[in-house]
Amino acid sequence: MAAPQQPTSNSFKKLQGFLRSRMGQAIADYRMIGEGDRVMVCVSGGKDSHTLLDILRHLQRHAPIHFDILAVNLDQKQPGFPAHVLPEYFEAIGVPYRIVEQDTYSTVKRVIPEGKTMCGLCSRLRRGVLYRVAAEEGATKIALGHHRDDMIETLFLNMFHGGRLKAMPPKLLTDDRRHIVIRPLAYCPEADIARYARYREFPIIPCTLCGSQANLQRAQIKAMLQTWEKQWPGRTETLFRSLQNVAPSQLADPTLFDFEGLESGRIFPAGDAAPDAMGTELEAEFNPAAVLFADGLPPLTAGRDR
């Protein structure tokens, strides 16, 4: 396999410059990569991970710091997976790589009932294998190909189906505190990544080899966002900016903001009663828990059920 040729059209150069700039800015804003880092780039064979590897290698050559890149692909033994494609591509472009063979497909098929979406369990198993490989390879950063649209879709999925205001961070410390996960494409729109991948003619491997139905909830969210973007161009970028401009005092989570402590910061005009003098009397007059119990209802506890 020959390495993909760089298109020479002005439209491609403009797109390439845009994506390089966006990725470089995200890396700088979140200090994703530092001097001496060994970055394990997870390459599934899709458009996103191909674009991630391609642009990151360009930044590696031009960055003022030194860092190493290791491309890693996990062969999950899905039926029909073209195991030769990515090794040949990695050889052609001259990037260090490792192919990991782990039959997670059989495990997922055994656990998930026929007709149900396998994506969730498949993703968790894949993540566990990649964390193990990162430790074996001495990788200091694990780079994933999630982009801006993925992050917004995850925000709405968690709100609509999980009751949580939670998205997908550009940089993450894993629960065991052993790995740093980075998402250098955090500022990059999916549509531009797709255009870039078509220009570059990457050897794309579809994520449908397992025969699993698409994640219908995510597909619905994606369709909703695409409709909004057509009706109000720029809406997706505005939504993403909201993730960077959070005001905990304007939400309702008492674990993020001290609502109880607001009284202590209140300024009273001269002659008015101080908070301490009023507080006890007011509590005696109105005890929410007592009112609820009188009505036969259980007391509400803020911050529960998360």
Side-chain angles (χ1 to χ4, degrees), residues 3-73 86 89-98 130-131 133-151 168-174 178-197 199-203 237 240-241 243-244:
Q5 296 299 309
Q6 288 273 6
T8 58
S9 68
N10 289 334
S11 58
F12 169 74
K13 291 179 180 178
K14 183 177 179 180
L15 174 62
Q16 184 180 58
F18 171 76
L19 290 176
R20 286 175 175 177
S21 175
R22 281 290 182 106
M23 181 186 286
Q25 190 63 55
I27 291 173
D29 286 351
Y30 298 97
R31 299 184 63 184
M32 293 185 186
I33 300 174
E35 177 67 37
D37 267 337
R38 180 170 171 78
V39 183
M40 188 178 95
V41 182
C42 302
V43 183
S44 65
K47 68 182 190 315
D48 305 327
S49 59
H50 268 301
T51 300
L52 169 64
L53 177 63
D54 189 71
I55 298 180
L56 193 58
R57 292 184 71 228
H58 167 81
L59 296 180
Q60 180 191 36
R61 293 190 292 269
H62 295 85
I65 60 173
H66 170 80
F67 63 93
D68 296 318
I69 289 177
L70 174 70
V72 170
N73 170 253
L86 287 176
Y89 174 71
F90 295 149
E91 291 282 354
I93 64 176
V95 65
Y97 70 93
R98 175 176 171 181
L130 292 174
Y131 288 173
V133 173
E136 294 172 355
E137 293 291 342
T140 56
K141 302 289 171 60
I142 302 173
L144 303 180
H146 299 118
H147 44 68
R148 182 199 68 179
D149 299 47
D150 286 325
M151 297 168 71
M168 184 183 284
K171 186 178 181 181
L172 170 73
L173 178 64
T174 57
R178 296 180 61 195
H179 305 287
I180 296 287
V181 176
I182 60 175
R183 297 181 170 99
L185 293 174
Y187 290 175
C188 299
E190 181 178 19
D192 291 322
I193 293 172
R195 287 174 55 216
Y196 186 83
Y199 268 121
R200 296 287 280 125
E201 298 182 337
F202 296 130
E237 187 66 21
F240 181 79
R241 287 203 303 271
L243 296 178
Q244 300 175 297

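Everything numeric here is computed off the predicted structure, so don't read it as measured data. Side chains included, hydrogens not; waters and symmetry mates left out as well; all remaining heavy atoms used.
Annotation: the span from I142 atom CD1 to Y131 atom OH amounts to 6.0 Å, rounded to 0.5 Å. Atoms CZ and CE, on R148 and M168 in that order, are 14.0 Å from each other to the nearest 0.5 Å. Within the model, atoms CE of M40 and NZ of K141 stand 13.5 Å from one another, a figure rounded to the nearest 0.5 Å. Rounding to the nearest 0.5 angstrom, the gap separating the CD1 atom in I33 from the CD1 atom in I180 is 12.5 Å. Going from atom OG of S49 over to atom CG of L56 covers 12.0 Å, rounded to the nearest 0.5 Å. A distance of 9.0 Å separates CZ of F90 from CG of L70, quoted to the nearest 0.5 Å.
Considering every non-hydrogen atom in both L144 and C42, the closest pair reads CD2-SG, 3.7 Å. Closest approach of S44 to G46, counting heavy atoms only: OG-N, 3.2 Å. The nearest pair of heavy atoms linking H50 to G45 is CD2-O, 3.3 Å. Shown here for R22 and C188, the closest heavy-atom pair between the two residues is CB-SG, 3.8 Å. The two residues L185 and G145 come nearest to each other via the heavy atoms CD1-O, 3.6 Å. Shown here for S9 and Y199, the closest heavy-atom pair between the two residues is OG-CE2, 3.9 Å.
Put simply, the side chain of H146 never gets that close to the backbone of M151: no donor and acceptor are under 3.5 Å apart. Remark: the backbone N or O of I193 is not paired with any side-chain donor or acceptor of K47 at under 3.5 angstrom. Here the side chain of D192 pairs no donor or acceptor atom with the backbone of P189 at under 3.5 angstrom. In terms of modelled atom types and a separation under 3.5 Å, the side chain of D37 and the main chain of T140 share no donor-acceptor contact. Of the possible polar contacts, one joining the Q60 side chain to the F67 backbone as a donor-acceptor pair under 3.5 Å is found.
Under the side-chain hydrogen bond (donor to acceptor under 3.5 Å, both in side chains) rule, D54 has a single partner from Q16, R20, R200, which is R200.
By the side chain to side chain contact (heavy atoms under 4.5 Å, CB included) test, S21 pairs with no residue at all, sequence neighbours left out. Take R98 and apply the salt bridge (charged side-chain N to carboxylate O under 4.0 Å, His left out) test, not counting sequence neighbours, and it matches E136, E137. For H62, the ring pair (Phe, Tyr, Trp, His ring centres under 6.0 Å) partners at least two apart in sequence or on another chain are H58.
Counting heavy-atom neighbours within 6.0 Å of E237 CD, excluding the residue itself, gives a total above 12.
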Is there a side chain to side chain contact (heavy atoms under 4.5 Å, CB included) between R183 and D150 once you walk through the steps?
CA-CA 11 Å; R183 297 181 170 99; D150 286 325; over 6 Å; no
Decide yes or no on side chain to side chain contact (heavy atoms under 4.5 Å, CB included) for Q6 and F12, but give the supporting numbers first.
CA-CA 9 Å; Q6 288 273 6; F12 169 74; 3.3 Å; yes
Show, in sequence, the C-alpha distance, side-chain angles and deciding distance for Y97 and V43, and conclude whether the side chain to side chain contact (heavy atoms under 4.5 Å, CB included) test is met.
CA-CA 10 Å; Y97 70 93; V43 183; over 6 Å; no
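Ring orientation note: the planes of F202 and Y196 are tilted relative to one another, at an angle of 30° to 60°.
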